[in-house]
Amino acid sequence: EGAALFNQNLIDNKLAVRVGYNKEITDGYIKNATTGNDKWGSKNKDHFSTDFLYRLGDESELRLNIKLLRMNQGGIYVQ
């Protein structure tokens, strides 16, 4: 698993942005005897988020948050 985060003021005391990325990879932990899938239980996940903050005044702000999640799974293991 790995992650990165970046914060930046675009306009002092007015507009700021935060960008984050997270990657998670796990290998399969079981082989499905029926399908032959040896990646059963594996996970490949990408998570991206960005957050814009705009200060309207001393007590007010406007926030826009965008998130994107992509996940591939090698099957769900149920007992």
Side-chain angles (χ1 to χ4, degrees):
E1 183 173 344
L5 184 64
F6 173 77
N7 296 308
Q8 181 66 47
N9 273 328
L10 301 177
I11 300 172
D12 284 341
N13 294 324
K14 272 296 196 190
L15 181 63
V17 65
R18 171 181 282 176
V19 178
Y21 177 74
N22 184 12
K23 177 73 171 181
E24 182 180 340
I25 299 173
T26 57
D27 198 10
Y29 50 84
I30 192 169
K31 181 175 182 175
N32 185 316
T34 304
T35 65
N37 181 0
D38 64 348
K39 298 294 182 187
W40 201 256
S42 66
K43 190 187 309 181
N44 186 351
K45 180 173 120 179
D46 293 290
H47 181 254
F48 172 80
S49 67
T50 185
D51 194 25
F52 291 94
L53 175 67
Y54 182 73
R55 293 194 188 276
L56 300 170
D58 290 339
E59 308 228 354
S60 302
E61 61 188 33
L62 180 64
R63 186 178 298 262
L64 173 65
N65 183 267
I66 301 168
K67 294 180 180 180
L68 175 66
L69 174 65
R70 182 189 66 83
M71 186 164 74
N72 294 325
Q73 239 177 312
I76 299 170
Y77 178 72
V78 179
Q79 290 187 354

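Heavy atoms only: backbone and side chains are in, while hydrogens, waters and symmetry mates are out.
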Run the numbers on H47 and Y21 for side-chain contact (heavy atoms from CB on, under 4.5 Å), then give the verdict.
CA-CA 6 Å; H47 181 254; Y21 177 74; over 6 Å; no
Apply side chain to side chain donor-acceptor pair (under 3.5 Å) to N44 and K23, showing your working.
CA-CA 8 Å; N44 186 351; K23 177 73 171 181; 2.7 Å; yes
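Counting heavy atoms from C-beta on, the side chains of Y54 and K14 come closer than 4.5 Å.
When the side chains of ILVMFWY residues are joined at heavy-atom separations under 4.5 Å, either directly or via intervening members, L5 and V17 end up in two distinct hydrophobic clusters. L68 and F6 are not part of a single hydrophobic cluster, where members link through side-chain heavy atoms under 4.5 Å apart. V19 and L69 fall into different hydrophobic clusters, defined by Ile, Leu, Val, Met, Phe, Trp and Tyr side-chain heavy atoms under 4.5 Å apart, directly or through other members.
To the nearest 0.5 angstrom, R70 atom CZ is 5.0 Å from N72 atom CG. Here R55 contributes atom CZ and L15 contributes atom CG; the two are 10.5 Å apart, rounded to the nearest 0.5 Å. Rounded to the nearest 0.5 Å, atoms CZ (F48) and CD1 (I66) are 8.0 Å apart. One distance of note links CD of Q73 with NZ of K43; it measures 6.0 Å at 0.5 Å rounding.
Of all heavy-atom pairs between N22 and G2, the closest is OD1-O, 2.8 Å. Nearest heavy-atom pair, D51 versus L64, reported as atom, atom and distance to 0.1 Å: OD1-O, 3.2 Å. When every heavy atom of R63 is checked against every heavy atom of L53, the shortest pair comes out as NH2-CD1, 3.8 Å.
Summarising the local packing, CG of N65 is surrounded by more than 12 heavy atoms from other residues, nucleotides or ligands at distances under 6.0 Å.
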